[in-house]
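Data block below; observations after.
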Amino acid sequence: MTVSGTTFVDVLERERFDFFAGVPCSLIEDAIATLETHPRLAYVATPREDAAVGLAAGAWLGGAKPCVLMQNSGLGTSMNALASLSLMYGFPALLIVTWRGYQGKDAPEHILTGAISPRLLELLGIPHRVPTAASFADDVAWAAAEMDRRMQPVAMLVPPGVVQTGAVHSTRTAPRATPAATRGAGSDPRELRPSLSRLAALGAARKPLGREPTVHANGYICRESFSLGDRPQNFYMIGSMGLASAIGLGLALTRAETMVVFDGDGNLLMNLGVLPLAAALAPRNFVHVVFDNEVYGSTGNQRSISSEVRLDRLARAAGYRTVTAVTDADDIADAVRDGVASHGPHFVLAKVTTEEATVPRIPYTPNELRDRFRLELGGPDMAPQTPQRSEAARGTRPAPRQPS
Ligand SMILES: Cc1ncc(C[n+]2csc(CCOP(=O)(O)OP(=O)(O)O)c2C)c(N)n1
């Protein structure tokens, strides 16, 4: 027995929750898909989980009864917002936290967080229950009463298998009411119409690459790229959503060769501050490619706000040296080729469809991924190379750390 996405939302509505915000997790994809198309309730897709905690505080002040939906990885992201906002002021909210890494069984990136999730909530002083499908409605009723009684957030730590998945695909199948690029403040009347799948776009972006180290954002970007052919210069992130660009930037600042990042729209939005950071530091050897399908594809195609906002315009405003927005295989390959061959930082927005290939998981352990990538860069004893930096960045950056 599982709680269907519809029942999940009905139970929350019965307890008068009327404001929903968060970052998706595949364990509750049906519940989010139900919320996305709900006639009365709104779901706000926030770039990060702590932003959802902030929105919930504002919504409560505004008279709403807020619910924040997140994966337990997002609990880490939200620590400060919970401690110095929700708990300090006393803002009630229901936190629906999915429990990846439950009982130590999951992909490597979830194991540690899974093991400490209940303790993290205890340390914060956030009461929580672990619902079963049978107890779900009672547990929501308890949480709703408890958060108002205590005037603080209360959590439900939801293990896999409690909420049904795979039965509702709102964004995947629902046509848009209006074309993405005609809506929202950052829209462009000359719409970028994606025709390529992410897999095809990855293939095009990889074509001009030789030995350039390439950091891949987590989720299907890694897996689809791996399926096109593994290379030791590929660093696959199997966790740490949002940080591929920061890792690439760290590499570009400490090495001479061109560093490529294959990012996703959800990943970039989670760490949007990297755009002004890259522009301000201005490493010449940084090529930032974003495969923008306007959804969180890896967790079930929940819509991301990049359907409303042009990420290339944000990069241009931030000050990347070149910014290109492309939809076609040849244009993607050309943009990456030009990026590798000329001084950056470069930003390439590749608009892609939501199509997803059936591809295997990355077969390497995190340590294997780390070691083979570092070996490819010259091994554990490698000396730092003189990085190519812009004039603007000179003098603002500490010297590269000596290897220990
Ligand atoms: C902090 C955190 N929150 C949520 C997740 C769950 N998660 C894994 S991949 C992913 C979607 C990534 O979206 P995007 O970068 O747009 O790439 P796509 O899958 O669409 O290609 C999400 C939400 C996570 N891993 N970490």
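Start at 1 and go down the list; that is how both ligands and their atoms are numbered.
A distance of 4.0 Å separates CZ of R100 from CG of D106, quoted to the nearest 0.5 Å.
Residue pairs meeting the ring pair (Phe, Tyr, Trp, His ring centres under 6.0 Å) criterion with at least one partner in residues 208-243, sequence neighbours excluded, are H216-Y236, H216-F262, F226-Y236, F235-F373.
What sits closest to atom 19 (O) of ligand 1 on the protein, heavy atoms only, is S298 OG, 2.5 Å. In terms of protein heavy atoms, atom 10 (C) of ligand 1 is closest to M241 SD, 3.7 Å. The nearest heavy-atom contact from the protein to atom 14 (P) of ligand 1 is G266 N, 3.5 Å. Atom 7 (N) of ligand 1 has T299 CG2, 3.5 Å as its closest protein atom, hydrogens excluded (heavy atom only). For atom 24 (C) of ligand 1, the closest heavy atom belonging to the protein is Q71 OE1, 3.3 Å.
Ligand-side atoms of ligand 1 in range of D265: 15 (O), 16 (O), range being under 4.0 angstrom from any heavy atom. Remark: ligand 1 atoms within the under-4.0 Å shell around heavy atoms of V295 are 16 (O), 20 (O). Heavy-atom contacts of N293 reach the following atoms of ligand 1: 18 (P), 20 (O), 21 (O) (cutoff under 4.0 Å). Atoms of ligand 1 found under 4.0 Å from any heavy atom of I221, numbered from 1 in the order shown, are 21 (O). Close approach to G297 involves these atoms of ligand 1, each under 4.0 Å from a residue heavy atom: 18 (P), 19 (O), 20 (O).
In terms of polar-atom proximity, E49 is counted as a contact of ligand 1, with an N or O under 3.5 Å from an N or O of the ligand. Polar contact with ligand 1: present for R198 (N/O pair, distance under 3.5 Å). Considering backbone and side-chain N/O of G74, none are found under 3.5 Å from N/O of ligand 1.
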TODO: Decide yes or no on side-chain hydrogen bond (donor to acceptor under 3.5 Å, both in side chains) for T214 and R231, but give the supporting numbers first.
DONE: CA-CA 9 Å; T214 306; R231 55 202 277 279; 3.2 Å; yes

Task: Stepwise side chain to side chain contact (heavy atoms under 4.5 Å, CB included) test for L196 and T327 - done: CA-CA 7 Å; L196 283 183; T327 55; over 6 Å; no

- [ ] Show the numbers, then the answer: is there a side-chain hydrogen bond (donor to acceptor under 3.5 Å, both in side chains) between S342 and D338?
- [x] CA-CA 6 Å; S342 61; D338 291 350; over 6 Å; no

Task: Steps toward salt bridge (charged side-chain N to carboxylate O under 4.0 Å, His left out) verdict (D292, K351) - done: CA-CA 5 Å; D292 180 5; K351 278 279 185 187; 2.9 Å; yes

- [ ] For the pair E146 and Q152, evaluate side chain to side chain contact (heavy atoms under 4.5 Å, CB included) and give the outcome as yes or no after the intermediate values.
- [x] CA-CA 8 Å; E146 202 64 11; Q152 67 158 90; over 6 Å; no

TODO: Apply side chain to side chain contact (heavy atoms under 4.5 Å, CB included) to the pair V336 and K207, showing each step before the final yes or no.
DONE: CA-CA 9 Å; V336 174; K207 218 183 244 171; over 6 Å; no

- [ ] Go through the steps for L35 and F8 under the test side chain to side chain contact (heavy atoms under 4.5 Å, CB included), then give the verdict.
- [x] CA-CA 10 Å; L35 282 169; F8 181 103; 5.5 Å; no

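The closest heavy-atom contact to atom 2 (C) of ligand 1, among the options G300, S73, A217, S26, comes from S73. In this structure, of A45, G264, S306, the residue bringing a heavy atom nearest to atom 17 (O) of ligand 1 is G264.
Taking the six-membered ring where the residue is Trp, H288 and F347 present perpendicular rings, their angle passing 60° and hence far from 30°.
The proximity of T77 to ligand 1, defined as any non-hydrogen pair under 4.0 Å, is limited to the side chain. Contacts of N267 with ligand 1, taken as heavy-atom pairs under 4.0 Å, involve both backbone and side chain. Only side-chain heavy atoms of N218 come within less than 4.0 Å of ligand 1; its backbone N, CA, C and O stay farther off.
M241 has its side chain out of reach of Q71: every pair of non-hydrogen atoms, C-beta onward, lies at least 4.5 Å apart.
Heavy-atom separations between P24 and ligand 1 include at least one value shorter than 4.0 Å.
For D230, the salt bridge (charged side-chain N to carboxylate O under 4.0 Å, His left out) partners two or more places apart in sequence, or in a different chain, are R372.
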